[in-house]
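Whatever order the structure lists ligands and atoms in, that order sets their numbers, starting from 1. We count residues from 1, following the sequence as given. Not measured: the values here are computed from a predicted model.
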Amino acid sequence: MSNSKNIEKLEHEILELETIFELSMDEIFVTDGAGNCIRVNPACQKNCGKSVDELVGRNVRDLVAEGIFTPSATLKVLETKEPVTVIQTTSNGKRLHVTSSPVFNDSGELIFVISNTIDITEVLSLKEKIKEMEELIESYNIQLNELKSNNQYYGNKIVAKSPSIVKILELLGRVAKVDSTVLLLGESGVGKTEIARWIHDESTRKNASFVEINCGAIPPNLFESELYGYESGAFSGSLSSGKKGLIELADNGTLFLDEIGELSIDLQTKLLQVIQNKSFMRVGGRKTKKVDIRIIAATNRDLDKMVRDGAFRQDLYYRLSVVPIEVPPLRDRREELIELIFSLLDRINAKYNSNKMLSPNVLEELTAYDWPGNIRELENTLERLVVTTDGILIDKGLTNQPPAKNFKEEPKQDKAFYDKGDFVAELFNNNELSLEERLESVEKELLSYYMKKLGSTRKVADFLSSSQSTISRKCIKYKINRPKNDL
Ligand SMILES: Nc1ncnc2c1ncn2[C@@H]1O[C@H](COP(=O)(O)OP(=O)(O)OP(=O)(O)O)[C@@H](O)[C@H]1O
């Protein structure tokens with residue numbers, strides 16, 4: 001090959017190498033054997049905030065002394081004459097992975113140090129986040145195991161850590177074995193139903209039914225047929241086979257009379273007869289039936305005052321309050337707030353097949369809040385946090401969304417539904433209607449009522465213990481108006 005051809009080839013190779021050097025996204029930093037920068041590519045600007053001109057000619061000792069980067073892999077190579085890798089921090093906060101290698105001449109003198117630098121700021125910050133998350137999971141696991149072992153005596157479902165609840169459950173554990181009637185008093189959402197179920201599960205009746213009657217939700221004109229059942233042909237529209245009432249369904253088990261304070265005096269009288277005689281007669285029947293039931297009643301009303309005001313029968317009150325128990329509100333049970341939060345979160349995660357966790361900040365916010373709506377309000381709030389958070393970590397708490405209202409409380413006090421006597425009469429008296437049509441008209445009436453009252457499918461689903469998708473589907477089916485912003 002001629003000389004000129006050789007020069008041309010060399011020039012081409014130099015151009016090729018220079019282009020690679022200039023365009024490399026990773027920084028290449030070259031010093032002489034004394035640590036003076038003789039070459040660096042433009043990638044240095046984003047790594048340490050200095051341009052090529054500001055670095056070439058400078059000694060690495062000065063650059064380290066000025067805090068432009070530290071530590072220097074070049075200096076270590078100058079000391080050890082060996083290739084070195086370090087994690088470097090620069091003056092503009094970047095974290096760099098730097099590998100430096102020595103280059104020797106034929107006489108073994110170190111003539112260059114060549115450093116290759118990769119920006120790993122993002123990788124390191126992700127690594128730190130993963131480590132934090134792992135530590136968080138570990139701390140939650142420890143807390144969870146502690147909670148589980150503390151809670152063994154009361155089973156996994158019911159949280160009992162505060163001295164007041166522990167005392168109540170100890171007493172009720174003994175009462176559960178005998179058939180004494182228990183009256184559970186306390187604000188709405190404090191866990192009266194949960195405790196009633198627990199008594200049933202602890203009793204010898206646990207293999208028979210636990211039948212819950214919400215006394216405030218049964219329309220008065222259906223009370224007898226619901227509670228006592230009816231014989232075939234008892235009234236037009238009744239099932240030809242007759243129907244067992246709730247009292248009969250609870251035979252050998254527990255009858256839980258929730259919201260007992262909502263019963264009218266007339267219905268109180270009927271109930272008293274059942275409790276006294278442990279017997280009843282189906283509507284349209286001729287024979288009384290004996291039942292073996294254990295009664296537990298609950299209310300958030302002041303029954304004592306209702307008796308004084310003549311709104312509740314004194315004899316029924318005495319019958320029910322053999323063992324009266326005042327369930328304290330959540331604000332007086334702060335010791336078990338964290339346990340409750342974890343237990344409810346577990347339940348909600350299982351419901352949504354998710355695995356969300358609370359950040360320490362949100363946990364702190366939840367434990368500092370007063371929870372006027374008690375455990376149900378806490379449960380609703382947690383459920384909302386779970387369904388509205390995208391990632392696995394719930395890190396936005398109450399400040400961004402006010403705690404869920406205690407939806408169940410409001411309509412329970414409202415008697416508007418009971419005024420629909422005509423609607424109920426039509427259901428029973430219009431013989432043209434099939435069973436399907438009658439059921440649909442009840443469903444439509446219920447949903448229109450609660451949509452008006454509560455204003456969103458989510459709240460109605462919550463109140464009626466259904467899913468939001470079911471309520472939405474039924475609203476569409478029955479052409480029930482939904483607010484524009486209904487989520
Ligand atoms: N000790 C507890 N441990 C775990 N969950 C609980 C506990 N107490 C209550 N809950 C949960 O809190 C919610 C409200 O409790 P519950 O329905 O028993 O309250 P309540 O006093 O009967 O309310 P209301 O008077 O409105 O009927 C339920 O979802 C229940 O499962």
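- In this structure, R347 has a heavy atom closer than 4.0 Å to ligand 1.
- Counting heavy atoms under 4.0 Å from ligand 1, residue L184 does not touch it at all.
- Checked against E187 for a salt bridge (charged side-chain N to carboxylate O under 4.0 Å, His left out), the options R331, K192, R333, R376 give a single hit: R331.
- The option from E377, R376, R333, E187 that lies nearest to atom 14 (C) of ligand 1, judged by heavy atoms, is R376.
- Contacts between L340 and ligand 1, counted as non-hydrogen atom pairs separated by less than 4.0 Å, involve the side chain only.
- A heavy-atom distance below 4.5 Å is found between the side chains of P163 and E335.
- Of the residues listed (E443, K444, R473), the one engaging Y478 in a side-chain hydrogen bond (donor to acceptor under 3.5 Å, both in side chains) is E443, and it is the only one.
- Electrostatic pairing of D309 and K305 counts as a salt bridge here, judged by a charged N lying under 4.0 Å from a carboxylate O.
- Residues Y318 and Q314 bring a donor and an acceptor atom of their side chains to less than 3.5 Å of each other.
- By the 3.5 Å distance cut-off applied to N or O atoms, S343 is not counted among the residues near ligand 1.
- At under 3.5 Å, a nitrogen or oxygen of V159, whether backbone or side chain, sits near a nitrogen or oxygen of ligand 1.
- Salt bridge status for E262 with R301: present, with a side-chain N to carboxylate O gap under 4.0 Å.
- For the pair E231 and R286, the salt-bridge criterion is not met [side-chain N within less than 4.0 Å of a carboxylate O].
- Distances from atom 18 (O) of ligand 1 to the heavy atoms of E194, E259, R301, E336 put E194 nearest.
- If you check each of G189, G191, A298, A196 against atom 9 (C) of ligand 1, the one with the closest non-hydrogen atom is G191.
- Using a 4.0 Å cut-off to heavy atoms of D258, the atoms of ligand 1 that qualify are 27 (O).
- Within the 4.0 Å heavy-atom criterion, the part of E379 lying near ligand 1 is the side chain and not the backbone.
- Not a single N or O atom of I158, backbone or side chain, sits closer than 3.5 Å to an N or O atom of ligand 1.
- Taking a cutoff of 4.0 Å between a charged side-chain nitrogen and a carboxylate oxygen, D266 and R313 do not qualify as a salt bridge.
- Of the polar atoms of N300, none of the N or O atoms is found under 3.5 Å from an N or O of ligand 1, judged by distance alone.
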